[in-house]
Student: 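Quick one: the structure is below, questions incoming.
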Number of protein chains: 2
Amino acid sequence: MTVILSYNIVWLTKFIVFVTLMTFLLYYCIMEIRFDLCKSLCHRDPQETELGKKMIENSIVLIDEIGFEAFTFKKLAQRIGSTEKSIYRYFENKHLLLVFLTSWYWEWVRYLIEINIKNIESAPKKLKIAIANLVEATAENPGNKYINENLLHRLVIQEGGKAYHITAVDDENKVGMYLSYKKLVKLVADIILEVNPKFKYSSSLSSNLFEMANNQVFFAEHIPQLSSIASGKKMNQDLIDMLWHFSGKILNQEV
Amino acid sequence: MTVILSYNIVWLTKFIVFVTLMTFLLYYCIMEIRFDLCKSLCHRDPQETELGKKMIENSIVLIDEIGFEAFTFKKLAQRIGSTEKSIYRYFENKHLLLVFLTSWYWEWVRYLIEINIKNIESAPKKLKIAIANLVEATAENPGNKYINENLLHRLVIQEGGKAYHITAVDDENKVGMYLSYKKLVKLVADIILEVNPKFKYSSSLSSNLFEMANNQVFFAEHIPQLSSIASGKKMNQDLIDMLWHFSGKILNQEV
DNA sequence: CCAATTATGACAGTAATACTATCGTATAAC
DNA sequence: GTTATACGATAGTATTACTGTCATAATTGG
């Protein structure tokens with residue numbers, strides 16, 4: 001009897017170890033959120049290979065460190081112990097890598113907003129959640145093992161506009177390269193219309209919330225005279241309050 | 001008597017010709033508005049020489065044609081029949097040329113707003129004029145013989161953000177490179193405070209008016225799903241109406 | 001009006017950038 | 001066990017973003 005019991009305990013232990021390992025494995029999988037981005041963005045999807053993930057992970061760090069202008073595929077290759085050519089097999093050029101990164105970021109923000117408003121009835125509450133998420137897309141839970149959302153957000157604040165402020169903007173738009181941003185802006189524009197169905201400028205207010213949020217953080221941190229928000233611990237909350245104040249006034253919603 | 005009269009007529013004619021010529025000369029001088037920009041922006045002030053003016057005039061056209069990324073001093077030199085080296089004697093690099101051009105533009109907008117609100121008493125009217133001027137800085141009167149303000153405005157809409165979205169933003173800010181933009185934002189922020197002295201976010205609303213105006217034009221023309229404004233003949237008026245509507249709501253001013 | 005200074009053009013040169021091409025090997029797929 | 005493919009290694013090219021030198025033209029000062 002004691003022998004059988006001890007056998008059972010051994011198997012139970014083994015089972016528990018197995019379940020724990022599977023949980024970690026599952027967690028590992030969940031921790032690697034993958035987004036279906038526009039096919040034109042890359043030759044090969046970097047989310048599907050180890051090398052590709054290394055490129056994503058380290059390009060974010062490197063661009064954040066030295067800025068997009070100084071960033072080159074050669075430097076990235078050196079950092080991940082690969083070659084320029086291998087990176088070119090994934091991305092046609094560094095500009096498309098930037099569009100990939102910003103698209104991934106906007107997908108991530110949309111994903112966050114969507115899960116957070118899922119069970120919310122009140123439209124103003126939805127808008128409040130959307131604003132909070134677009135300002136602090138990183139704080140709550142890290143969504144990905146190899147993508148540092150905090151850094152990525154900083155990157156989008158610093159370099160995001162360069163993704164579409166280019167000569168070929170019309171061609172790139174035609175093949176759907178800015179779809180992630182458009183879908184996000186539409187999501188929030190629809191919430192805005194829920195709050196005030198008669199409002200004429202839902203798309204402009206929506207896109208301006210995103211642009212203004214990032215811009216005001218940039219100003220607060222680098223050209224403070226251009227912003228009423230001060231950088232520091234309270235910055236994000238102050239920014240959320242301001243965006244919410246503006247939206248409330250514009251949409252005739254008393255808060 | 002007739003002889004004396006005819007003599008008088010000859011002198012009168014000469015006088016008229018002289019006055020006309022002087023008027024043209026004066027007009028010529030007025031047509032070349034010069035702004036005192038930050039000394040760090042250029043080695044030699046291009047506004048003071050023929051070659052420098054050629055650089056300004058043609059860099060605007062060239063950047064508008066091929067985009068800032070593809071723009072090089074070599075191409076500009078070829079276009080004006082000069083050499084790379086000569087351009088480097090005026091500007092350290094193409095980035096500083098861009099900062100120079102955008103600064104000139106912001107000085108020009110501030111100049112326009114200031115002369116147009118000079119004799120206005122009502123603060124809301126001042127704000128309305130400011131908004132109209134920041135959207136249509138070009139329409140009324142061309143301010144400069146060698147600078148095409150229309151093109152320059154398009155350039156600022158397309159490439160303006162790149163002037164400060166750089167790694168060295170803090171250093172450049174320290175030496176006063178963005179002073180023109182700061183002064184303009186301050187001018188409008190003060191008008192906003194005149195409209196509503198209790199308003200907490202005057203700087204942010206002011207900078208956002210400028211950023212939003214340019215951004216929404218860019219979206220309207222290139223990624224229309226991101227804007228409620230449609231490109232075309234009515235675009236500018238629609239944009240003015242929207243900015244005025246937003247400002248009015250935010251500042252509790254019924255329009 | 002001449003001397004001195006300064007601005008420009010002509011030409012050369014360099015390190016880095018933004019790619020493209022070829023080839024051998026390792027690895028995964030069928 | 002062959003075949004496809006992914007990757008690394010190496011080489012090469014046109015262009016970019018500058019810097020340096022020198023002769024000449026234009027402007028300024030006395």
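Note that the structure is predicted; figures quoted are calculated from it, not measured. So you know, we letter chains A, B, ... as the sequences are listed, proteins then strands, and number each from 1.
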Student: Could you tell me whether B/Lys182 atom NZ has more than 12 heavy atoms of other residues or ligands within 6.0 Å of it?
Tutor: yes
Student: In whole angstrom, what separates A/Gln78's CD from C/dA18's P?
Tutor: 14 Å
Student: Judged by atom type as modelled, is there a donor-acceptor pair below 3.5 Å linking the side chain of A/Asn93 to the main-chain atoms of A/Leu96?
Tutor: yes
Student: Assess whether atom NZ of B/Lys54 is packed by more than 12 heavy atoms of other residues, nucleotides or ligands within 6.0 Å.
Tutor: no
Student: Please determine which of B/Tyr111, B/Phe35, B/Phe210 meets the ring pair (Phe, Tyr, Trp, His ring centres under 6.0 Å) test together with B/Trp106.
Tutor: B/Phe210
Student: How many Å lie between CG on A/Leu76 and P on C/dC19, as a whole number?
Tutor: 14 Å
Student: Walk along nucleotides 5-19 of chain D from 5' to 3' and tag each nucleotide B, S or - by protein heavy-atom contact under 4.0 Å, base first, then sugar-phosphate.
Tutor: -SBBS------SBBB
Student: Can we say A/Glu69 and A/Lys162 salt-bridge, meaning some charged N sits less than 4.0 Å from an Asp/Glu carboxylate O?
Tutor: yes
Student: Between atom CD in A/Glu48 and atom C1' in C/dA28, what is the gap in whole Å?
Tutor: 15 Å
Student: Measure from CD1 on A/Ile87 to P on C/dT20 and round the result to the nearest Å.
Tutor: 14 Å
Student: Please determine whether side-chain hydrogen bond (donor to acceptor under 3.5 Å, both in side chains) holds for the pair B/Tyr90 and B/Thr49, giving the CA-CA distance in whole Å, both sets of side-chain angles, and the decisive distance to 0.1 Å.
Tutor: CA-CA 10 Å; B/Tyr90 284 81; B/Thr49 68; 2.6 Å; yes
